[in-house]
Amino acid sequence: MGMNIGNGGNDDVMVEMNTTPLIDVMLVLIVMLIITLPVQTHAVKMDMPVTNSPPPTELPVVINIEVDFDGTMRWDGSVIRNGEMLKNYMLHAANMEPKPEVHLKPHKLAKYDVVAKILATAQRLGLTNIGIVGNEKLE
């Protein structure tokens, strides 16, 4: 376990290859390769339609649906007792022109199942302007 200083009287030739110069050459080649590669851009080119129509002057009807922590649903403040009543309200809203905006405001403790059923029913009946509100980050 001591340190070997000198060859200790042993005149054997060292048979190990010195790999330091090879590693240096490889590092230089890698650096040259990186420098010569063209810069890659990660942009997706899309042809978006150009419209010159003015913004709508009439604001759409907004329907507020609230889901409480215990699963109680409210349609613009009035309590919805069951899923059939919700479906009837949504069917009436889907037949309105222009299509209304649905603002869904679930309580933070509301079950995901209730909210998912509301979203699925709205989508199935043709209400496509749906937004989830009330989850803004407070600073």
Side-chain angles (χ1 to χ4, degrees):
M1 287 251 123
M3 198 157 85
N4 188 7
I5 299 177
N7 60 5
N10 195 358
D11 291 332
D12 290 337
V13 177
M14 189 171 149
V15 294
E16 298 166 352
M17 183 176 181
N18 188 5
T19 58
T20 303
L22 294 176
I23 293 172
D24 291 344
V25 169
M26 290 303 296
L27 288 173
V28 168
L29 289 175
I30 289 173
V31 168
M32 295 295 287
L33 178 70
I34 291 172
I35 290 173
T36 57
L37 284 176
V39 176
Q40 297 291 324
T41 58
H42 297 287
V44 176
K45 294 184 179 18
M46 296 177 63
D47 294 328
M48 299 298 292
V50 178
T51 60
N52 294 331
S53 62
T57 56
E58 187 176 308
L59 294 176
V61 176
V62 176
I63 298 171
N64 293 308
I65 301 176
E66 298 175 15
V67 180
D68 210 358
F69 67 93
D70 60 352
T72 305
M73 297 177 282
R74 288 186 177 80
W75 181 281
D76 283 336
S78 61
V79 176
I80 300 173
R81 290 185 291 278
N82 55 25
E84 192 63 35
M85 191 174 177
L86 174 68
K87 185 177 176 182
N88 290 335
Y89 278 145
M90 284 191 179
L91 191 59
H92 174 69
N95 292 329
M96 293 171 60
E97 282 298 326
K99 296 284 186 195
E101 287 185 8
V102 177
H103 292 183
L104 180 61
K105 185 176 181 181
H107 188 271
K108 67 179 181 178
L109 298 176
K111 292 190 179 198
Y112 177 77
D113 183 44
V114 176
V115 177
K117 285 180 182 176
I118 292 172
L119 291 173
T121 304
Q123 182 182 16
R124 187 173 50 250
L125 294 176
L127 292 172
T128 55
N129 297 330
I130 303 171
I132 298 177
V133 296
N135 295 329
E136 295 85 11
K137 188 175 184 181
L138 299 175
E139 293 183 26

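Excluded from the calculations below are hydrogen atoms, water molecules and symmetry mates; all remaining heavy atoms, backbone and side chain alike, are included.
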Does a side-chain heavy-atom distance below 4.5 Å link V31 with I35?
-> yes
Check side-chain contact (heavy atoms from CB on, under 4.5 Å) between M96 and all other residues, then give those that pass, not counting sequence neighbours.
-> V61, A93, P100
Using side-chain contact (heavy atoms from CB on, under 4.5 Å) as the criterion, list what pairs up with E58, not counting sequence neighbours.
-> none
Kindly say whether T72 contributes a backbone atom to a donor-acceptor pair with the side chain of D70 at under 3.5 angstrom?
-> yes
Just by modelled atom types, is the A94 backbone N or O under 3.5 Å from a matching donor or acceptor in the K99 side chain?
-> yes
Any chance you could measure [X], atom [atom1], to [Y], atom [atom2], to the nearest 0.5 Å?
{"X": "T19", "Y": "D24", "atom1": "OG1", "atom2": "CG", "result": "9.5 Å"}
{"X": "L119", "Y": "I132", "atom1": "CG", "atom2": "CD1", "result": "5.0 Å"}
{"X": "M90", "Y": "Q123", "atom1": "CE", "atom2": "CD", "result": "11.5 Å"}
{"X": "K105", "Y": "I65", "atom1": "NZ", "atom2": "CD1", "result": "13.5 Å"}
{"X": "I63", "Y": "L104", "atom1": "CD1", "atom2": "CG", "result": "12.0 Å"}
{"X": "L127", "Y": "N95", "atom1": "CG", "atom2": "CG", "result": "9.0 Å"}

Taking all atoms of both residues into account, what is the closest heavy-atom pair of V62 and D76, and its distance?
-> O-OD1, 4.1 Å
Non-hydrogen atoms of H107 and D68 that approach each other most closely = CB-C, 3.9 Å
Say whether F69 and V115 are linked into one hydrophobic cluster, either directly or through other cluster members, by side-chain heavy-atom distances under 4.5 angstrom.
-> no
Identify each donor-acceptor pair in which a side-chain atom of residues 77-89 lies under 3.5 Å from a protein atom, sequence neighbours left out, and give them as a table.
from	atom 1	to	atom 2	distance (Å)
S78	OG	W75	O	3.0
N82	OD1	E84	N	3.4
N82	OD1	M85	N	2.8
N88	ND2	E84	O	3.3

E16 CD: over 12 foreign heavy atoms closer than 6.0 Å = no
